[in-house]
Amino acid sequence: MEALLQALSALAGSWAIPAAFLGVLWGILGGALPGISPSIAMAILLPMTYGMQPVTAMVLLASVYVGAEYGGSIPAILIRTPGTNSAAATTVDGYEMARQGRAGEALGISLVAGLVGGLFGLLVLVTATRPLASVALSFTPMAYFALGILGISVIASLSGGSLLKGLLAALLGLMLAMVGSDPVSGVSRFTFDEPELLGGIKPLLVMVGLFAVSEMLIQVGEPAWARADASQARLKLPDWPLAKRLARPTAIGCAIGTFEGVTPGAGGTVAAFMSYSEARRWSKHPEEFGQGSPEGVAAPEAANNVVTATALVPLLSLGIPGSNSAAILLGGFLVHGLQPGPLLFEKAPQVVYGLYAGLLVANIAMLLIGLVILTPCIWLVNRPKPWLIAFILALVVSGVYSVHQSLFEVGLVLGIGALGYLLRAAGVPLLPMVLGVVLGFMIESNYRRSLLLSGGDHAIFFTDRVSLALLLAAAALALYSGWQEIRGPRKRRAALEEQTT
């Protein structure tokens with residue numbers, strides 16, 4: 001009850017409720033544009049939150065996440081082009097329903113399942129985050145260093161399918177994090193006599209460049225997406241018999257989305273496809289899957305909307321983002337001088353509880369806005385692609401410039417965007433690099449503090465039990481991922497040989 005009162009008071013004293021509605025609206029519009037992921041939609045707004053109150057800024061960014069996950073299902077159903085990666089599973093049956101003249105029904109199922117998933121994920125977030133943060137309060141500097149190493153190793157192992165590329169991206173991020181002043185001695189390093197670099201490279205600039213600018217560069221070379229039929233923009237919510245049938249796949253999506261959300265590196269895409277597979281396994285009508293089954297829409301949509309909340313559990317409790325979108329939200333915290341983790345509940349509880357209440361408002365706003373947003377979304381999808389790309393780049397440049405009125409930072413963002421484009425062309429995942437930039441200060445500062453405590457003896461990292469356990473977990477995960485990469489091609493070759501013989 002006390003937490004609820006704190007949340008309500010945090011919202012009442014800010015612009016958080018209007019920000020939730022605006023964030024959901026922008027998220028749905030951004031998610032409806034193929035190729036504009038939730039993280040990109042959030043990155044575009046990130047510089048614009050600089051002058052806001054912390055509660056308002058966090059609610060705005062989190063609401064964009066909520067809205068974009070639903071918005072991605074709109075083109076997935078109407079034109080078989082997922083607006084977000086996690087909506088790819090929805091295209092299988094959603095588009096088949098649209099071909100059968102049931103697009104409104106599929107869109108209604110997506111909206112209702114997303115609402116149920118979002119509310120369930122919020123319940124998990126509220127109940128699980130504080131206990132996990134309480135455990136983390138006992139961490140020593142050695143444990144925090146090891147936790148940062150574990151976080152990077154998890155993301156590097158699970159994103160992109162290549163451990164070597166993931167570790168390379170994390171190393172690049174750590175290198176960028178070291179630009180500026182030494183956290184202990186204050187000596188400047190890697191600044192190349194540029195005064196603008198004395199304060200380091202802000203995570204905000206890295207995120208906007210890697211996610212938003214690099215995506216626009218990629219979209220320039222991609223063909224235009226298909227056009228949507230405005231006559232299909234009539235939403236039809238599920239009736240009671242259909243709602244009862246969808247209860248099981250929605251519950252499956254909620255369960256899998258919870259597990260995948262709290263696991264760093266998994267995210268909504270994995271949760272959506274796993275939920276689709278399990279819903280088909282447990283369905284009374286598995287033969288309908290792939291032919292326009294409403295269950296094939298409900299399960300993945302519930303799963304990826306659960307992840308919008310459960311992905312914030314490791315972020316708020318440990319300070320480790322589990323997805324690209326959570327990393328953008330972490331950047332929002334850092335912009336306002338807040339460090340997510342166990343101490344956040346002690347230093348700024350009103351921000352945490354305000355975020356909880358804001359997510360509740362965002363899910364309600366998703367339902368209300370979703371009932372009327374289809375026609376504008378279809379109009380947006382049907383605009384010429386070059387216009388949209390130019391508009392988004394203009395938003396990025398103006399947003400970055402508005403923070404410090406610095407053309408140097410604008411150039412830095414564009415340069416980082418070009419680097420992100422090259423990395424993506426080489427198949428290097430971006431999230432480990434972002435995490436390296438974000439966690440670089442925590443890793444380095446706690447590493448230095450630990451050595452100060454031990455007089456330079458590295459054995460202190462192995463005498464601390466928590467640190468030892470986390471480092472062993474990071475090493476085991478890296479070794480297991482490397483073994484899987486070596487074993488995978490062998491298994492595929494063996495299977496191919498069996499088929500040929």
Side-chain angles (χ1 to χ4, degrees), residues 3 6-7 38-39 42 58-59 61-66 69 86 116-139 143-144 147-148 150-155 158-159 253-272 274-275 302-334 338-349 351-360 362-363 431 434-435 438-439 442 470 473 477:
Q6 287 183 337
S39 57
M42 295 169 69
M58 296 305 103
V59 170
L61 294 174
S63 300
V64 174
Y65 192 7
V66 171
E69 286 296 347
S86 57
V116 174
L119 294 176
F120 183 83
L122 178 59
L123 178 64
V124 174
L125 174 66
V126 173
T127 56
T129 304
R130 187 63 184 263
L132 187 59
S134 300
V135 174
L137 279 173
S138 60
F139 279 18
Y144 272 113
L147 180 64
L150 176 62
I152 287 180
S153 65
V154 169
I155 300 298
L158 297 180
S159 60
C254 288
I256 294 178
T258 298
F259 175 77
E260 295 295 329
V262 299
T263 304
T269 305
V270 176
M274 287 183 63
S275 299
N304 59 40
N305 280 274
V306 167
V307 172
T308 61
T310 55
L312 305 186
V313 173
L315 171 65
L316 295 179
S317 58
L318 302 174
I320 296 178
S323 65
N324 290 343
S325 301
I328 298 295
L329 194 61
L330 174 57
F333 276 105
L334 297 178
L338 300 173
Q339 177 64 55
L343 294 179
L344 184 64
F345 288 85
E346 307 298 329
K347 295 181 177 179
V351 176
V352 178
Y353 296 126
L355 178 59
Y356 291 164
L359 284 171
L360 175 61
N363 279 278
L431 183 56
V434 173
L435 200 61
V438 171
L439 297 182
M442 183 183 85
L470 293 174
L477 181 62

So among Leu312, Val59, Thr308, which one has a side chain to side chain contact (heavy atoms under 4.5 Å, CB included) with Leu359?
Leu312
For a 4.5 angstrom cut-off between non-hydrogen side-chain atoms, does Leu344 reach Gln339?
no
Would you say the side chain of Asn305 lies within less than 4.5 Å of the side chain of Leu119, judging by non-hydrogen atoms?
no
Quick check: do Leu150 and Ser153 have side-chain heavy atoms less than 4.5 Å from each other?
yes
Nearest-0.5 Å distance, CG of residue Leu343 to CG of residue Leu338
12.0 Å
Nearest heavy-atom contact between Glu69 and Pro38 is OE2-CG, 3.6 Å
For Ala362 and Ser63, which heavy atoms make the closest approach, and how far apart are they?
CB-OG, 3.5 Å
For residues Met58 and Leu329, report the shortest heavy-atom separation together with the two atoms involved.
O-CD1, 3.8 Å
List the steps and the verdict of side-chain contact (heavy atoms from CB on, under 4.5 Å) for Leu125 and Phe120.
CA-CA 9 Å; Leu125 174 66; Phe120 183 83; over 6 Å; no
Indicate the atoms forming the closest heavy-atom contact of Leu470 with Ala143, along with that distance.
CD1-O, 3.5 Å
Enter the distance from Asn304:CG to Ile256:CD1 here, rounded to the nearest 0.5 Å.
12.5 Å
Heavy-atom closest contact (Gly118 atom, Ala309 atom, distance)
O-CB, 4.5 Å
Give me the atom names and distance for the closest heavy-atom approach of Ser325 to Ser39.
OG-N, 3.4 Å
Could you state the interatomic distance from SG (Cys254) to CG (Leu123), rounded to the nearest 0.5 Å?
10.5 Å
For a 4.5 angstrom cut-off between non-hydrogen side-chain atoms, does Tyr65 reach Ile328?
no
I want to check something: taking the side chain as every heavy atom from C-beta on, are Val306 and Phe259 in contact at a cut-off of under 4.5 Å?
no
Are the side chain of Thr129 and the backbone N or O of Val126 linked by a donor-acceptor pair below 3.5 Å?
no
Inter-residue atom distance Tyr144.OH - Leu318.CG, 0.5 Å rounding
8.5 Å
Nearest-0.5 Å distance, CG of residue Leu316 to CZ of residue Arg130
11.5 Å
